[in-house]
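Below is one structure, written out as structure tokens, with a few remarks after it.
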Amino acid sequence: MHQKKTMYALIDCNNFYASCERAFNPSLIGKPIVVLSNNDGCVVARSNESKALGIGMGQPIFQVMDIVKQHDVKVFSSNYVLYGDMSHRVMRTLSRFAPDIEIYSIDEAFLNFSGFQGSSLELHAKHMRQSVFRNTGIPVSVGIAATKTLAKIGNRIAKKQNQWGGVRLLDTPEAIALSLEQTPIGDVWGIGRKYSYRLEQQGVKTAADFVRKPDDWVHKTMTINGLRTKWELQGRPCIALEDVLPAKKTICTSRSFHSPIEQIEGLKEMVSEFAARCALKLRQQKTSCAIISVFVRTNPFSKTDKQYRNSAYVTLPTPSNDTMTLVKQANRALEHIFQPGFRYKKTGVIVGSIVPNDFIQTSLFETPDLSKTKSLMAALDKCNAKYGRSAVRTAVQSGTIRKLTHKKKLTPCYTTRWDDLMEVRC
DNA sequence: TCTGGGGTCCTAGGACCC
DNA sequence: TCTGGGGTCCTAGGACCC
């Protein structure tokens with residue numbers, strides 16, 4: 001029987017956050033745009049025009065203010081409600097073009113493109129690309145190959161080299177070899193800053209140099225992950241499509257503050273809010289946690305502040321996703337590590353030892369009324385979904401994280417009526 | 001003055017058990 | 001008066017991703 005070769009497509013939205021802003025404001029087309037992180041601190045997205053001006057990814061905005069002023073760069077605070085909604089629309093369109101989809105991040109997805117061949121594969125991808133643009137106004141690039149790592153490489157080339165019309169298919173040894181020569185080692189999926197520095201010291205400048213290194217050397221210097229990356233570059237699939245979203249093993253909610261917090265009361269407000277959001281995320285994936293961990297830290301960039309960082313955790317006798325329980329225990333952990341006399345810049349709550357709700361064994365020493373808290377939480381989620389994320393909350397929650405974060409250049413949420421920026425009383 | 005947030009996986013080393 | 005060796009679990013640290 002003829003076995004068709006597995007092919008993966010990687011679809012990546014071009015300059016996603018910048019493209020979202022542009023989709024609702026056509027006057028921005030052709031202009032340099034940047035989108036900032038929380039607190040308007042760092043650049044987290046740039047349009048091509050901004051990249052060309054030399055504005056770096058992750059660069060603090062104050063470092064590039066000269067460029068911004070000189071070239072009239074349009075600056076936006078990040079609007080995650082808008083981007084999340086646009087992402088849904090893109091993914092919905094993509095899922096019509098293949099049987100299996102793995103939503104890899106807010107702006108990327110892998111599709112199973114097996115069953116097409118050669119030019120029909122390319123046509124299918126081009127058709128898909130046009131559909132996404134027509135439906136959402138977001139331009140995307142597509143890379144297609146026999147492994148996910150090669151599909152990533154194809155995608156990068158589709159984005160950089162205009163002659164491919166936004167779709168690069170790597171299905172011949174010649175096309176693969178050429179693309180490996182054209183890919184700097186640091187641009188390979190799975191090879192980050194540390195490894196690429198070390199590899200470059202060894203004369204490995206490109207993906208092509210990398211695949212020439214012996215397996216045992218790669219394994220020794222870069223663990224099994226590095227070896228998998230090498231094999232994937234050689235066309236041997238080691239990373240499967242994960243079309244079923246696995247439940248998260250840890251969940252973290254944290255923020256930096258625009259201005260530091262010195263009193264424990266202020267930190268308690270934030271920690272309570274974060275614990276409540278972790279509880280909600282747990283309920284959404286139908287799980288509970290047994291460990292609640294809280295961390296605090298001062299501003300590591302400050303040359304004058306005394307530095308302090310610490311974390312503590314509480315173990316629950318029975319796993320829970322109950323807001324009251326998590327808020328209470330998170331505050332207990334905070335009390336353990338809080339030290340007066342510091343200017344705290346960031347705090348967060350991490351929940352771990354996550355188990356599916358059906359697997360919870362109740363502790364011998366405690367008989368919580370599970371059904372009661374369950375229906376209370378269900379009612380709470382329903383109310384918050386209807387009236388805004390923090391409409392109903394525990395007494396100590398701050399209600400809106402925005403109070404202590406900072407967004408000056410926010411555009412409207414064009415696509416959603418209720419969002420987390422709204423404060424509504426219930 | 002101003003520096004994001006949320007995840008995963010692998011390995012080494014120590015504790016502990018038989 | 002000799003001081004093994006293998007397995008498992010946990011944790012911290014380091015690497016990576018977007």
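Bear in mind the structure is a predicted one, so any value in this text is a computation, not a measurement. Here is the naming used below: chain letters follow the sequence lines, and residue numbers restart at 1 for every chain.
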Applying a 3.5 angstrom cut-off to the pairing atoms, does DNA chain C sit in any stems of at least three consecutive Watson-Crick or G-U pairs? List them by first number. B:5-18 with C:5-18

Which comes earlier along DNA chain B counting from the 5' end, the contact point of A:Lys346 or that of A:Ile224, where each point is its nearest nucleotide?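 Whichever sits nearer the 5' end wins; that is A:Lys346.
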
Set of residues satisfying side-chain hydrogen bond (donor to acceptor under 3.5 Å, both in side chains) with respect to [X], sequence neighbours excluded:
X	result
A:Ser320	none
A:Ser293	none
A:Thr136	none

All side chain to side chain contact (heavy atoms under 4.5 Å, CB included) counterparts of A:Cys42, not counting sequence neighbours: A:Ser37

I'd like to check the side chain to side chain contact (heavy atoms under 4.5 Å, CB included) partners of A:Lys31; sequence neighbours left out, ordered by chain and number. A:Lys74

Going 5' to 3' along DNA chain C, between which two nucleotides do contacts with chain A fall, using a heavy-atom cut-off of 4.0 Å?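 That gives a stretch of C:dA15 to C:dC18.
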
So the ring-ring contact (aromatic ring centres under 6.0 Å, His included) pairs with at least one residue in residues 307-326 of chain A (sequence neighbours excluded) are A:Tyr308-A:Phe342

May I ask you to say what A:Leu36 touches in the nucleic acid, namely base, sugar-phosphate or nothing, with a heavy-atom cut-off under 4.0 Å?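 Touches nothing.
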
Counting the atoms with a prime plus P, OP1 and OP2 as sugar-phosphate, which does A:Gln63 contact under 4.0 Å by heavy atoms, base, sugar-phosphate, or nothing?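 Result for A:Gln63 = nothing.
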
Which residues pass the ring-ring contact (aromatic ring centres under 6.0 Å, His included) test with A:His71, sequence neighbours left out? none

Please collect all side-chain hydrogen bond (donor to acceptor under 3.5 Å, both in side chains) contacts where either partner lies in residues 337-349 of chain A, sequence neighbours excluded, each pair once. A:Asp305-A:Arg343

Mind jotting down which residue pairs meet the side-chain hydrogen bond (donor to acceptor under 3.5 Å, both in side chains) criterion with at least one end in residues 96-109 of chain A? Sequence neighbours excluded, please. A:Asp100-A:Asn112, A:Glu102-A:Lys148, A:Tyr104-A:Trp189, A:Ser105-A:Asp107, A:Glu108-A:Lys152

Tell me, which of residues 190-221 of chain A have any heavy atom that sits under 4.0 Å from an atom in DNA chain C? A:Gly190, A:Ile191, A:Gly192, A:Arg193, A:Lys194, A:Tyr195, A:Arg198

Could you check whether A:Arg228 makes a cation-pi contact with A:Trp231, meaning its NZ or CZ is under 6.0 Å from the centre of the six-membered ring and within 45° of the ring axis?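 Because its charged atom misses either the 6.0 Å distance or the 45° angle limit, A:Arg228 does not stack over A:Trp231.
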
